[in-house]
Amino acid sequence: MILSSLIIAAAPLVAPPPVPWQEPAPTSVSEAAAPAQTAATVHAELRAELAEAVARREAAFEELRASDAWKAAEAARNNDALNEMYAAIPSPDHDGLSRRALEAAARFDGDPDQALLLEFANEWATEPEVTAAALEGLTEKHPAHTALFAATLRLGYRARSLGDERFAALAERVLQSDAPPETKANVLFARMTSIARSVRRGTPLSAEQQAAHDADRARILEIAPESIAAYRVLGERFEAERLQIGMVAPNILGTDLFGEPISLEQFRGQVVVIDFWGDW
Amino acid sequence: MYPHERSLVKRLADAPFTLLGINSDKDLDTLHARLVEENITWPSVWNGPYGTSGPISARWNVSGWPTIYVLDGQGVIRFKNVRGAQMDAAVDELLREMGIEPPPVEDEGH
């Protein structure tokens, strides 16, 4: 949150490509002590290592913001200089961690927590090879696992880097599997959006593409009408048709941060500021 | 990190006003500690374990954070993405429509 809001404040900073850490990786304690490793323990180690790297990055950014050079560039509204300084902060080695997660996953065949390692690899990798291998492992071995559900939420953004054929094969494999309908709905949504993205902006879809797009859309609403994918499909039109100034806001029903039920409607009669926020 | 939200909630504590967060953090345990540290007292609806991909932000078509909507007493969307002093002005205008004179904004510099 701190990081993201400051980027907005100092716009137009653009997220820089990850720069690997120069320091040697810390040695793993568990290797020396050799307690029995499981997919879950390796996953926890990788997560901890990533969290440490993120914390180092945040600390470096705090330090940078306190520096005279940063303040001077900010006062001068010199966005190029700010961008350059920001880009020089080392990022966590996401691809290195992802590759390690994938290698570890290979050692834990049959362990249900293998899915967590594959999900980790898929979540953080920028390399299409690692992403594809992780997704293929998930679809093949853990079609019912929530890790596959989470991975498929991001699949649309990955479709291009995976390549059309590999993406199409992956999507088909999930759709033919015994994955839950919500997971399949995510894949259908990914396929819809990848069709839309593959077409140059402003160019209409071909009749064939439009038919495929519409069929996927209809199937999402049919197999998982209450899923995130269905909300997204509806949300495409929602903004244009409903969420305009002057319209009555749709109700929000859910639980609060402590698990208690809460709804927007209960505040009717009051002025309400709805703030979509996060502390991540 | 949330000074403006805090001052708004404090200033309008006695007015018919609610700041309702829609929170997109995945990890609630970590967040609970932050609520205390940051003195976040206003309510939030949780967007679920899939973070920014959760159902509420999907339904409201939110793709950037933070996103702000301001609703009047009838639940009608009246302002979108107002921040800082603009947010104060928007809320005050809607309270005045209801015949309520909101307490003045204190200068945050003092």
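Just so it is clear, the structure is predicted and the values come from calculations on it, not from any experiment. Letters A, B, ... are given to chains in the order of the sequence lines, protein chains preceding strands, and every chain is numbered from 1.
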Gap separating the CG atom of A:Asp279 from the CD atom of B:Glu37, nearest 0.5 angstrom: 8.5 Å

B:Leu19 versus chain A, heavy atoms under 4.5 Å apart: side chain, backbone, both or neither? both

What is the distance from atom CD1 of A:Ile252 to atom CD1 of B:Ile22, rounded to the nearest 0.5 Å? 4.0 Å

Could you tell me which non-hydrogen atom of B:Trp60 sits nearest to which non-hydrogen atom of A:Pro250, and how far apart they are? CZ2-O, 3.4 Å

Closest non-hydrogen atom pair, A:Glu123 against B:Lys26: OE2-NZ, 3.4 Å

Between B:Val45 and A:Gly254 the two heavy atoms that sit nearest each other are CG1-CA, 4.0 Å

A:Gln270 side, atom CD; B:Leu12 side, atom CG - distance, nearest 0.5 Å: 11.0 Å

Hey, are the side chains of B:Leu20 and A:Ile262 touching, using non-hydrogen atoms and a 4.5 Å cut-off? yes

Looking only at atom types and distance, does a side-chain atom of A:Asp256 sit under 3.5 Å from a main-chain N or O of B:Ser44, one as donor and one as acceptor? no

Would you list the pairs meeting ring pair (Phe, Tyr, Trp, His ring centres under 6.0 Å) in which at least one residue belongs to residues 73-106 of chain B, sequence neighbours left out? none

Nearest heavy-atom pair of B:Leu28 and A:Leu257: which atoms, and what distance? CD1-O, 3.7 Å

Taking every heavy atom of A:Ile245 against every heavy atom of B:Arg78, the minimum-distance pair comes out as CG2-O, 3.4 Å

Rounded to the nearest 0.5 Å, how far does OH of B:Tyr69 lie from CG of A:Asp275? 12.0 Å

Top contributor to chain B contacts, counting heavy-atom pairs under 4.5 Å, from A:Ser263, A:Gly259, A:Gly246, A:Ser227: A:Gly246

Any side-chain heavy-atom pair from B:Ile40 and A:Trp277 closer than 4.5 angstrom? yes

Is chain A contacted by the side chain of B:Asn23, its backbone, both, or neither, given a heavy-atom distance below 4.5 Å? both

Name the member of A:Val271, A:Thr255, A:Val272 that forms the most heavy-atom pairs with chain B at distances under 4.5 Å. A:Val271

Under a 4.5 Å heavy-atom cut-off, does chain A meet the side chain of B:Ile100, its backbone, both or neither? neither

Heavy-atom distances under 4.5 Å only: say whether B:Thr52 touches chain A with side chain, backbone, both or neither. side chain

Evaluate the side-chain proximity of A:Phe267 to B:Pro16: yes if any heavy-atom separation is below 4.5 Å, no if none is. no

When rounded to the nearest 0.5 angstrom, what distance separates CG in B:Asn81 from CZ in A:Phe276? 10.5 Å

Should we count CZ of A:Arg47 as having more than 12 external heavy atoms under 6.0 Å? no

Side chain, backbone, both or neither of B:Leu35 within contact of chain A (heavy atoms, under 4.5 Å): side chain

Out of A:Val273, A:Ile228, A:Leu153, return the one with the most heavy atom pairs under 4.5 angstrom to chain B. A:Val273

Between chain A and each of B:Leu95, B:Ile68, B:Thr67, count heavy-atom pairs under 4.5 Å; write down the option with the most. B:Thr67

Distance in Å, A:Gln266 CD paired with B:Thr18 OG1, rounded so as to fall on 0.5 Å steps: 8.5 Å

